[in-house]
Number of protein chains: 2
Amino acid sequence: MASETSKSVGFEKHDHGLCLEKAIKAAEAYCDRCNLQFTPLRRKVLEILLEEHRALGAYAVLDLLREAGLGSQPPVAYRALSFLVEHGFAHKIERLNAFVACALPDILHSPAFMICRKCDTVVEAQSPSSSFDLSATASATGFEIEQTTLEAKGVCNSCAEMA
Amino acid sequence: MASETSKSVGFEKHDHGLCLEKAIKAAEAYCDRCNLQFTPLRRKVLEILLEEHRALGAYAVLDLLREAGLGSQPPVAYRALSFLVEHGFAHKIERLNAFVACALPDILHSPAFMICRKCDTVVEAQSPSSSFDLSATASATGFEIEQTTLEAKGVCNSCAEMA
DNA sequence: AACATAAATGATATATTATAACATTACAAG
DNA sequence: CTTGTAATGTTATAATATATCATTTATGTT
């Protein structure tokens, strides 16, 4: 499956203890402001997603939780992940049934992703896209859009170069 | 779950033996042209999706197949559905883990959907959208998009009116 | 601080979705 | 007609996700 421990943001390498810490602080601050409980469990799950920096299935998260001695049954992972997704700290990649930490924690945005089918790296697009072609059809039919999922499958630069 | 037998295209009712027949003919013609085998099983699965005219899970399809006496194990349904999706006769709705017949069989298009979270009705957008905000990010990073998934969750007109 | 209430977590069980692997049949090309 | 390929049948199991109920932890109120 994915490229073991490539630790890439986007498709390039980078040092990243920093962005992890920043993201955790941001989540903490947000939860403080909104009276949400940023519990040790939820924090740990977010740390796991940030640490791995790629899309992780719920059971992969669960394994890492277990290693950390923090809960070991599926609902534990799913509940924490739901919390993170609900509040925008993480996103679910529907095509992969997997979860990634949000790469744009400060910006209000409709998530959009590029998923490499070779290495499974997931990159969150930088544009705060929210109005697509859909909006025309939507307003025509009276459909009220609440949330959009935009995922592009393809091949990333480094995988293309290898071939 | 979904609205039993609402049989709606988009969110409005319509007579629809016609569009079923048309879609089947179109698929048949396409398969002829491309040397694909439009087998009784594949035809039946497409008929099921067209008939129901909403997103059906693989196991729902399988139940209907079974009723029709045409195969009864999961791989049978999944294989036929894969074929239909691969050749554009149907689409997978990732958010629902479900499948719908393509509503725009003649037009080359990136599918885009609106999904009502109350009645699960799925409408395929009419615009042949294929270039979104993603394309900028994609070209910047050298990512080559092969396929996009665009799904909007929300509430359809009739469900909104009920409330 | 003591209590009531709500929120989160723990734990068990099970539902739902999907695929691997191998056997068999159908069908087309040489 | 036999050989290769694609499709289907069949069994088993993997991977993903949730329902339910018990317990603990946090929060707000007196």
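Because only heavy atoms are used, hydrogens play no part in the values below, and waters and symmetry mates are left out as well, while side chains stay in. Source: prediction; values computed, not measured. Residue numbers start from 1 in every chain, and the chains themselves are labelled A, B, ... in the order their sequence lines are given, proteins ahead of strands.
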How long is the line joining [atom1] of [X] and [atom2] of [N], in whole Å?
X        : N      : atom1 : atom2 : answer
A:Tyr78  : C:dT17 : OH    : C1'   : 11 Å
B:Asp63  : C:dT16 : CG    : P     : 11 Å
A:Gln73  : C:dA8  : CD    : C1'   : 16 Å
A:Glu94  : C:dA18 : CD    : P     : 11 Å
A:Glu86  : C:dA8  : CD    : C1'   : 13 Å
B:Leu56  : C:dT16 : CG    : P     : 15 Å
B:Asp120 : C:dT16 : CG    : P     : 14 Å
B:Asn97  : C:dT19 : CG    : C1'   : 14 Å

Short side-chain N/O contact from B:Lys92 to OP1 or OP2 of C:dA18, under 4.0 Å:
yes

State whether A:Ser72 places a side-chain N or O below 4.0 Å from either non-bridging phosphate oxygen (OP1 or OP2) of C:dG10.
no

Taking the six-membered ring for Trp, are A:Phe83 and A:Phe89 parallel (under 30°), tilted (30 to 60°) or perpendicular (over 60°)?
tilted

Would you call the rings of A:Phe99 and A:Tyr78 parallel, tilted or perpendicular, where under 30° means parallel and over 60° means perpendicular?
perpendicular

Considering only heavy side-chain atoms of B:Arg79, the closest of C:dA21, C:dT9, C:dA18 is C:dA21

Among C:dT17, C:dT12, C:dA20, the nucleotide that comes nearest once only the side chain of A:Pro75 is considered
C:dT12

Could you tell me whether A:Glu144 atom CD has more than 12 heavy atoms of other residues or ligands within 6.0 Å of it?
no

Identify, between B:Leu41 and B:Pro74, the residue whose nearest nucleotide on DNA chain D lies closer to the 5' end.
B:Leu41

Which is more 5' along DNA chain D, the nucleotide nearest B:Gly71 or the one nearest B:Gln37? Just name the residue.
B:Gln37

Give me the first and last nucleotide of DNA chain D, going 5' to 3', that has any atom under 4.0 Å from a heavy atom of chain B.
D:dA6 to D:dT11

Please answer whether the main-chain N or O of B:Glu51 pairs with a side-chain N or O of B:His53 as donor and acceptor at a distance below 3.5 Å.
no

Could you check if a side-chain atom of [X] sits within less than 4.5 angstrom of a side-chain atom of [Y], using non-hydrogen atoms only?
X        : Y        : answer
B:Leu81  : B:Leu49  : yes
B:Glu151 : B:Ile93  : yes
B:Cys116 : B:Lys153 : no
A:Gln147 : A:Ser110 : no
B:Val155 : A:Glu146 : yes

Select base, sugar-phosphate, or nothing to describe what B:Val76 touches, counting heavy atoms under 4.0 Å on all strands.
base

Ring centroid separation for A:Phe113 and A:His91, is it under 6.0 angstrom?
yes

Donor-acceptor pair under 3.5 Å: do we get one between B:Tyr59's side chain and the base of C:dA15?
no

Helix axis bend for the helix from C:dA1-D:dT30 to C:dG30-D:dC1 - C1'-based end axes, five pairs, 10° rounding:
30°

